[in-house]
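Okay, structure first, notes after.
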Amino acid sequence: MESIYRIGATVLQGIFDSIKGITVVFYLDKEANRKISQPRPTKESLSTTAQSTPPQASKRLIEESKVLKRVFQCSMLNGGIFMLSILFFEYAVLPGLHLFLWYLFRSSTTLTTVWGWMQPSLSLLFNSFWVAPLFLLSKIVNSLWFQDIADSAYKFRKGRPQLIPSISKLIADTLISLLIQILFLLQSTLVKYLPVPVPFACSALYMVHMSLLCALYAFEYKWFNMGWELHKRLTYIEQNWPYFLGFGLPLAALSELPNSIVISGCVFSVLFPLFIISANEATPKVDVCETPLKLFSIVVALTNALFRGRSKPGKAALSQPLTPNARGLTPPLSSSTPSFGFQSAAQFQQQQQHRHHQHRHHRSHQRNPSPSPSGASSFASSASVLTAQQTLLSRPLRR
């Protein structure tokens, strides 16, 4: 009973944090501007009187203060132009034409015939020459604006982003993350239409999937700037699922209200920048539930199956699992020992040096055994995800 109470309280805490962080957008730029405008002490300023440099300060101000501007631009593009144009066509243009034809013909037979071919033709033209191009344009522009919002908010709160050091590894992490998100979205859709006799069971499970996916979307910018790799992000969500379930629930519920997929995407694009800021401000509540919710295991297994045949045999030693860190603790950055349970390069090098020393001391010609795992991983199927990333790293990039 106490665990159920803790899970419920954590879900409510996630909902509260997702909404509370939205208020930050109204004063984040103001605080960032004040922080940027403060002169930094230098050796010259300590010895002589510091001279003001307005051009440099204004240049830094333009580069850093983008949060409120980008949020407004996202709202105008997705809500003011895209969504309102679709609503205007569906609820103003088409009903107006239908009323005009009814006034011209008055005959139900002629009106039905003319409207029968006019309405689908107009909808096809509108979707082909307006909705589809604007949808693709908004996706490209939104991705750039979302990244600006996340980077500006992260720099103000956390400082300089600690990105993944290798460019090829960064590209591999991004591609595999995108593939897993697409497969997880398909899994959510299949869950929604399962033939389960229990009322609303599939809908509830579908909302759980979408809430975790929305939370992953929102927190991924922050975790990526912190240098967390994909297996750390997925493990962290699965182990602390009550908080992320509550955090992503408002965005998932509001995005599911419209019947149209395009309108639902517009609602998501309008609200998503605010949830990026909320995720940057939030501190997830961890170590609440002892049982992880491994909803990503299926899509990780599918991703493993896609890349397992192309992985090199020599890379298998890198995917040996070790005992993970304590549950509930924040996973370390990529510069420290991974919490996901893989053997780090420092440990592997230390073992090799120790074996080489024993070999020289005993003058044995026996081969050293390969490093063996010291425990079971909390997310065993993700070991092949690392192998998949190494597969992408071994392939040349196409320009």
Can [Y] be reached from [X] by stepping across I, L, V, M, F, W or Y side chains whose heavy atoms are under 4.5 Å apart?
X: W145; Y: I81; answer: yes
X: V114; Y: L99; answer: yes
X: F16; Y: L245; answer: no
X: F72; Y: M83; answer: no
X: Y91; Y: F82; answer: yes

Derivation and outcome, side-chain contact (heavy atoms from CB on, under 4.5 Å), residues S297 and E238: CA-CA 10 Å; S297 299; E238 289 188 340; 4.2 Å; yes
Sub-4.5 Å side-chain heavy-atom contact between [X] and [Y]:
X: W241; Y: V288; value: no
X: L254; Y: L257; value: yes
X: Q187; Y: I298; value: yes
X: M207; Y: S203; value: no
X: Y243; Y: V11; value: no
X: L295; Y: I237; value: no
X: K192; Y: C202; value: no
X: L234; Y: I180; value: yes

Salt bridge (charged side-chain N to carboxylate O under 4.0 Å, His left out) contacts touching [range] (sequence neighbours left out):
range: residues 239-259; answer: none
range: residues 11-27; answer: D17-K20
range: residues 208-220; answer: E220-R233
range: residues 259-286; answer: R157-E281

ILVMFWY cluster membership beyond L125 - transitive side-chain contacts under 4.5 angstrom: F129
Residues T235 and Q239: side-chain donor-acceptor under 3.5 angstrom: no
Sequence neighbours excluded, every pair satisfying side chain to side chain donor-acceptor pair (under 3.5 Å) that has a member inside residues 72-85: R70-Q73, N78-N142, S85-W130
Non-hydrogen atoms of [X] and [Y] that approach each other most closely:
X: Y221; Y: Y217; result: CD1-O, 3.5 Å
X: F247; Y: A218; result: CE2-CB, 3.9 Å
X: C74; Y: I149; result: SG-CD1, 4.5 Å
X: T110; Y: F105; result: CG2-CD2, 3.4 Å
X: G246; Y: S18; result: O-OG, 4.4 Å

How many angstroms lie between [atom1] in [X] and [atom2] in [Y], if you round to the nearest 0.5 Å?
X: Y103; Y: L101; atom1: OH; atom2: CG; result: 13.0 Å
X: L212; Y: S188; atom1: CG; atom2: OG; result: 9.0 Å
X: D287; Y: T10; atom1: CG; atom2: OG1; result: 10.0 Å
X: I176; Y: I171; atom1: CD1; atom2: CD1; result: 12.0 Å
X: M210; Y: L251; atom1: CE; atom2: CG; result: 8.5 Å
X: I15; Y: L249; atom1: CD1; atom2: CG; result: 5.0 Å

From CA spacing to verdict: side-chain contact (heavy atoms from CB on, under 4.5 Å), L216, F296: CA-CA 11 Å; L216 176 62; F296 290 93; 4.1 Å; yes
L179 vs L183, side-chain contact (heavy atoms from CB on, under 4.5 Å): CA-CA, chis, key distance, verdict: CA-CA 6 Å; L179 178 60; L183 293 177; 4.2 Å; yes
Chi angles and distances behind the side-chain contact (heavy atoms from CB on, under 4.5 Å) call for Y193, Y206: CA-CA 9 Å; Y193 297 101; Y206 171 75; over 6 Å; no
Counterpart residues, ring pair (Phe, Tyr, Trp, His ring centres under 6.0 Å), relative to W223 (two or more places apart): F219, W228, Y236, F244
Could you work out, with side-chain contact (heavy atoms from CB on, under 4.5 Å) as the rule, every residue matching [X], not counting sequence neighbours?
X: A9; result: none
X: L137; result: L134, V141
X: F89; result: V93, L94, L122, S123, F126

When the side chains of residues 260-273 are checked against the rest of the protein, which donor-acceptor pairs come out under 3.5 Å, sequence neighbours left out?
unit_1, atom_1, unit_2, atom_2, d
S260, OG, V262, N, 3.3
S264, OG, S255, O, 2.3
S269, OG, G265, O, 2.9

Pairing residues for W115 by the side-chain hydrogen bond (donor to acceptor under 3.5 Å, both in side chains) criterion, not counting sequence neighbours: none
L104, CG atom: more than 12 neighbouring heavy atoms under 6.0 Å: yes
